[in-house]
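Reviewing the structure listed below.
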Amino acid sequence: MTYRPELIGGHLALDLVNTVAWRLDPGRTVDRFADLSNVERWLAAAGVNTDRVVVTPRLRDDLMAARGIAYDVLACLAVGDRPGRVAIDALHGLVAAVVRSASIEMSPFGWRADDPADAVRLAVWRLFEDEDLGRLRRCGDDGCGWLFLDRSKNGSRRWCSSADCGNRARARRHYERVRGATT
């Protein structure tokens, strides 16, 4: 089955960390970046690889490294924990390196990256700089582990996707109710 990127995190950096499916269920975990063609699909869907740069193992490894660093910090924040010093130091190193390699655009004013990996690393930095991380959530499904920004008015979003994890939880609750009523 062909991989179709799901960009449901609300930010490019979150969509990057969500390229690992079923992260919290070791028996089902799937790294979508294991296949270079999936990396190419993700970059195109995310609007990063507009010049159709050839995806190499090095580019994939750079993206996976940024993904791991971002996840180590974001996963803690999403559940109200404090990230460890090692994770914070790695994030600092990622941000410092991308700022050194980026250039400044004048119109519109902002940071610019010359390659897809740096563009994604800049997005990681922007997530921490520009977004309200108090709205960062982890999917309510026990095995999913995807992260997203809850932009709902009352901050009540529970699932990465209501149609996927949310529907599975509702079906499970219905099954348990029906099964309980018959016993």
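Sequential numbering from 1 along the given sequence is applied to the chain's residues. On a predicted model such as this, the values are computed, not experimentally measured, just so you know.
Between P5 and D15 there is no side-chain heavy-atom pair separated by less than 4.5 Å. R137 places none of its side-chain heavy atoms less than 4.5 Å from the side chain of R157. At a threshold of 4.5 Å between non-hydrogen side-chain atoms, the residues L74 and F128 count as touching. Residues W111 and R126 have side chains in contact (heavy-atom distance under 4.5 Å, counting atoms from C-beta outward). Counting heavy atoms from C-beta outward, L36 and T56 have side chains that stay 4.5 Å or more apart. Contact annotation: the side chain of V55 never approaches that of W42 to less than 4.5 Å [non-hydrogen atoms, C-beta and beyond]. Contact of the L147 side chain with the Y71 side chain is registered, since non-hydrogen atoms from C-beta on lie closer than 4.5 Å. Residues F33 and D61 have side chains not in contact (no heavy-atom distance under 4.5 Å, counting atoms from C-beta outward).
To the nearest 0.5 Å, the span separating CZ on R138 from CG on L77 amounts to 12.5 Å. Rounding to the nearest 0.5 angstrom, the gap separating the SG atom in C144 from the CG atom in N18 is 7.0 Å. For the atom pair L59 CG and D115 CG, the distance stands at 7.0 Å (nearest 0.5 Å). Here the OG1 atom belonging to T19 is positioned 9.5 Å from the CG atom belonging to N38, to the nearest 0.5 angstrom. Atom CZ in R82 sits 8.0 Å away from atom CD1 in I88 (nearest 0.5 Å). Atom CG of D35 is separated from atom CD of E40 by 10.0 Å, given to the nearest 0.5 angstrom.
Between V17 and A70, the closest heavy-atom pair is CG1-CB, 3.9 Å. Nearest heavy-atom pair across A117 and D62 is CB-CB, 3.9 Å. Considering all non-hydrogen atoms of both residues, G10 and L149 come closest at O-CD1, 4.0 Å. In plain terms, the two heavy atoms of A123 and L12 that are nearest each other are CB-CD2, 3.4 Å. Counting all heavy atoms, side chain and backbone alike, G155 lies closest to D150 at C-OD2, 2.8 Å. Here the shortest heavy-atom pairing between L7 and A45 reads CD1-O, 3.2 Å.
For D31 and R67, the salt-bridge test passes: some basic side-chain N is under 4.0 Å from an acidic carboxylate O. Salt bridge status for D118 with R121: present, with a side-chain N to carboxylate O gap under 4.0 Å. The pair D114-R112 meets the salt-bridge criterion, with a side-chain N (NZ, NE, NH1 or NH2) lying under 4.0 Å from an Asp/Glu carboxylate O. Taking 4.0 Å as the cut-off between side-chain N and carboxylate O, E6 and R32 do not count as a salt-bridged pair.
No single ILVMFWY cluster, assembled from side-chain heavy atoms under 4.5 Å apart, contains both L24 and I8. W146 and V79 fall into different hydrophobic clusters, where Ile, Leu, Val, Met, Phe, Trp and Tyr side chains are chained together by heavy-atom contacts under 4.5 Å. Cluster membership check: W159 does not share its hydrophobic cluster with F148, using side-chain heavy-atom separations under 4.5 Å among Ile, Leu, Val, Met, Phe, Trp and Tyr. Residue V54 is not grouped with residue V120 when hydrophobic side chains (ILVMFWY) are merged at heavy-atom distances under 4.5 angstrom, including chains of intermediate members.
Partner V73 forms a side-chain contact (heavy atoms from CB on, under 4.5 Å) with one of L133, L91, L94 and no other, that one being L91.
R85 meets the side chain to side chain donor-acceptor pair (under 3.5 Å) test with D89; sequence neighbours excluded. By the ring-ring contact (aromatic ring centres under 6.0 Å, His included) test, Y3 is found to be paired with no residue, residues two or more places apart in sequence or in another chain being considered.
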Set out, in order, the CA-CA distance, both residues' side-chain angles and the distance that settles side chain to side chain contact (heavy atoms under 4.5 Å, CB included) for V30 and V20, then state yes or no.
CA-CA 6 Å; V30 177; V20 176; over 6 Å; no
Run the side chain to side chain contact (heavy atoms under 4.5 Å, CB included) check on V86 and D72 step by step: do they pass?
CA-CA 9 Å; V86 171; D72 288 346; over 6 Å; no
After noting the C-alpha distance and the side-chain angles of V95 and V124, does the key distance pass the side chain to side chain contact (heavy atoms under 4.5 Å, CB included) rule?
CA-CA 8 Å; V95 169; V124 170; 5.7 Å; no
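In this structure, a donor-acceptor pair under 3.5 Å is present between the side chains of S37 and R41.
Atom CZ of R23 is surrounded by more than 12 heavy atoms from other residues, nucleotides or ligands within 6.0 Å.
The backbone N or O of S152 sits less than 3.5 Å from a side-chain atom of R135, completing a donor-acceptor pair.
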